[in-house]
Amino acid sequence: MSQQKRIRVRFAPSPTGPLHIGGVRTALYNYLFAKKLNGDFILRIEDTDSNRFVPGAENYIIDALNWLGIKFNEGVGIGGHFAPYRQSERKEIYKKYVDQLLTAEKAYIAFDTPEELDEKRKEINNFQYDASTRLQMRNSLTLSPDEITKSIAAGENYVVRFKIESGEDVLVNDMIRGEVRINSSVLDDKVLYKSADQLPTYHLANIVDDHLMEISHVIRGEEWLPSAPLHVLLYRAFGWEDSMPAFAHLPLLLKPDGKGKLSKRDGDRLGFPVFPCDWIDPNSGDRSSGYREAGYFPEAVVNFLALLGWHPGTDQEIFSMDELVELFSIERCSKSGAKFDFEKGKWFNHQYMQLKPESELTDLFIHELKEKGICTENKMILPDFSGKKACVSKEYLSKVISLIKERANFINELWDQSHFFFERPETYNEKSVQKYWKENTSVLMSELIDILEGISDYNDGVRMEETVVKWITEKEYKMGAVMNAFRVSLVGEAKGPHIFDIVVLLGKEETIFRVKNAVKALK
RNA sequence: GGCGGUGUAGUGUAGUGGCCUAGCACGCAACCCUCUCACGGUUGAGACCCGGGUUCGAUUCCCGACUCCGCUACCA
């Protein structure tokens, strides 16, 4: 019966802190794979290490996935047929399967303390707890049944180890890398279960859950590749090899410079986030910054991540989530680790910024303006600078954004590009003044004021420009000399959009006011 | 050290036994546009890890070295 199995994949992070951006990518690829094949995407929390549990981490993971639009349809928080999805709540299940292996003599109990093991490692270099050494250790293979029961009764901590027979080639078929072959002799007798906290280790819980939850494909990071043969052996020991999921080991996300996996430290060092959202460590109080708070659009992060290790085979680079789902395939994932290119990430955000409708950007920008005390409730189209802080309309805001968004990568760069639309220049950029405000400039500006006074229609930027340019030409002034000084008067420095676009938005009164001000201040 | 994986410009990658004078994008430089800053446009610099083979021919196939990465926990 080779009935087509339903596609079911899972993302199974452990709640030991904020979700790393590499983990986000793994989640994304799982999601894309599942959606593409009309399958299920499950969120399972692997909290089998009681020592490393961090409160809040689970919520963080869910929050981050939600923000990015990586939706799971089964798992922690929403439930499903295979609940519970938190491994700490599945203790009895694992116990049952551990006992099964024990009974079948495919696993054994070991009493060696961490100290004893450390000593052994010091004594024998490259010590490995395996077929060649297990008979020298304190375990159920070497102790009498009597001693064993006594030790357990005395409450001595023990672990259950997987008994791996040596000298066997184990084959793992990886969807990205092809066949990977490892000899079982290099594998150690992995700890599957700890009596101390009654919890299994990752390896056991992982296999049991994937089997019970009918996972069809395991898509995870490359760091798991070396233990994949162990997992195959476990499926075999349980008699589940026929229904074993297919494996795909994703390449890692690497530091932008140097070597190694991308880490939190790299973000701090190089000044970019390595987490989806801000995170404050509950113990140390340390803050890690996230893409969300740094002003990234979730679509941009998803798009960027999708292309870091996967390629559609065409030159297209901007993809919606739906397009990614449509085009994604494991076969087109690359094998080698990808260095994290933060600059490219910015570019993606810039692209999405240009794609966003003005209304959406306006809403986002309003938050920033409110923080700066700018009133955005003005009913008039022209801005009101009469108060301490300016008061502008939504319409005005929207027009400002359309003029400056192409200069910004992030929402939080919008202010820097547009502050002069919301406040009068108080100082004038020294370099700009030096370059553009010469001895006769004040005279030119005074003449310009006369010209500006004479114009009645301040809505037609093109005609206004014609009028001004005509005057400049007739007087044989230099274009740059007039315009740049004009600009410095309005903006405070030599930057910003087309000057008459600014004039139209500011209006006659404010424009002339600013030029007069500049003349006064700069002489 | 052992085991595994990986190797195309600075970065992400495309690609193929001859069409490759190796494509695209980010970044970089120059120029154009222009009142400025951006955007945009054009151009430029910049890569097939190294040896052996196989082949008429290899960046592409095979072998080896090397590189980098990962794993080597009662972490995941």
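Below, read A as the first sequence line, B as the second, and so on, with proteins coming before strands; counting in each chain starts at 1.
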Participant: For the ring pair A:Phe272 and A:Phe340, is the centre-to-centre distance below 6.0 Å?
Facilitator: yes
Participant: Given the C1' atoms of B:rC62 and B:rC68, what is the spacing between them in whole Å?
Facilitator: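 Going atom to atom, C1' in each nucleotide, I get 23 Å.
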Participant: Could you measure between the two C1' atoms, the one in B:rU42 and the one in B:rA58, and give it in whole Å?
Facilitator: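 It comes out at 35 Å once rounded to the nearest Å.
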Participant: Output yes when at least one side-chain N/O atom of A:Arg332 is less than 4.0 Å from OP1 or OP2 of B:rG15, else no.
Facilitator: yes
Participant: Taking only residues two or more places apart in sequence or in another chain, which ones pass salt bridge (Lys or Arg N to Asp or Glu O under 4.0 Å) with A:Asp281?
Facilitator: none
Participant: Salt bridge (Lys or Arg N to Asp or Glu O under 4.0 Å) for A:Lys190 and A:Asp188? Distances and angles first, verdict last.
Facilitator: CA-CA 6 Å; A:Lys190 271 280 174 296; A:Asp188 63 340; 2.7 Å; yes
Participant: Determine, for nucleotides 23-38 of chain B in 5'-to-3' order, which nucleotides have protein heavy atoms under 4.0 Å from the base (write B), from only the sugar-phosphate (write S), or from neither (write -).
Facilitator: -SBB--------BBBB
Participant: A:Arg181 side chain N/O closer than 4.0 Å to the phosphate oxygens (OP1, OP2) of B:rG4?
Facilitator: no
Participant: Side chain to side chain donor-acceptor pair (under 3.5 Å) with A:Glu115: which residues, sequence neighbours excluded?
Facilitator: A:Thr113
Participant: Give, ordered by number, those residues of residues 46-57 of chain A having at least one heavy-atom distance below 4.0 Å to an atom of RNA chain B; if nothing qualifies, reply none.
Facilitator: A:Glu46, A:Thr48, A:Asp49, A:Arg52
Participant: Counting only side-chain nitrogens and oxygens, does A:Thr201 get under 4.0 Å of the OP1 or OP2 atom of B:rC74?
Facilitator: no
Participant: What string of B, S and - do you get for nucleotides 66-72 of chain B 5' to 3' if you count protein non-hydrogen atoms under 4.0 Å?
Facilitator: --SSBS-
Participant: How would RNA chain B look in dot-bracket form, 5' to 3', counting Watson-Crick and G-U wobble pairs with both distances under 3.5 Å and writing | for bases paired to another strand?
Facilitator: (((((.(..((((....[....)))).(((((.......))))).....((((..]....)))).).)))))....
Participant: Work out how far the P atom of B:rG64 is from that of B:rA9, and round it to whole angstrom.
Facilitator: 24 Å
Participant: Give the C-alpha distance, both sets of side-chain angles, the deciding distance and a yes or no for salt bridge (Lys or Arg N to Asp or Glu O under 4.0 Å) between A:Glu46 and A:Arg10.
Facilitator: CA-CA 11 Å; A:Glu46 309 225 326; A:Arg10 84 299 195 278; 5.2 Å; no
Participant: Ignoring backbone atoms, establish whether A:Arg25 has a side-chain N or O less than 4.0 Å from OP1 or OP2 of B:rG12.
Facilitator: no
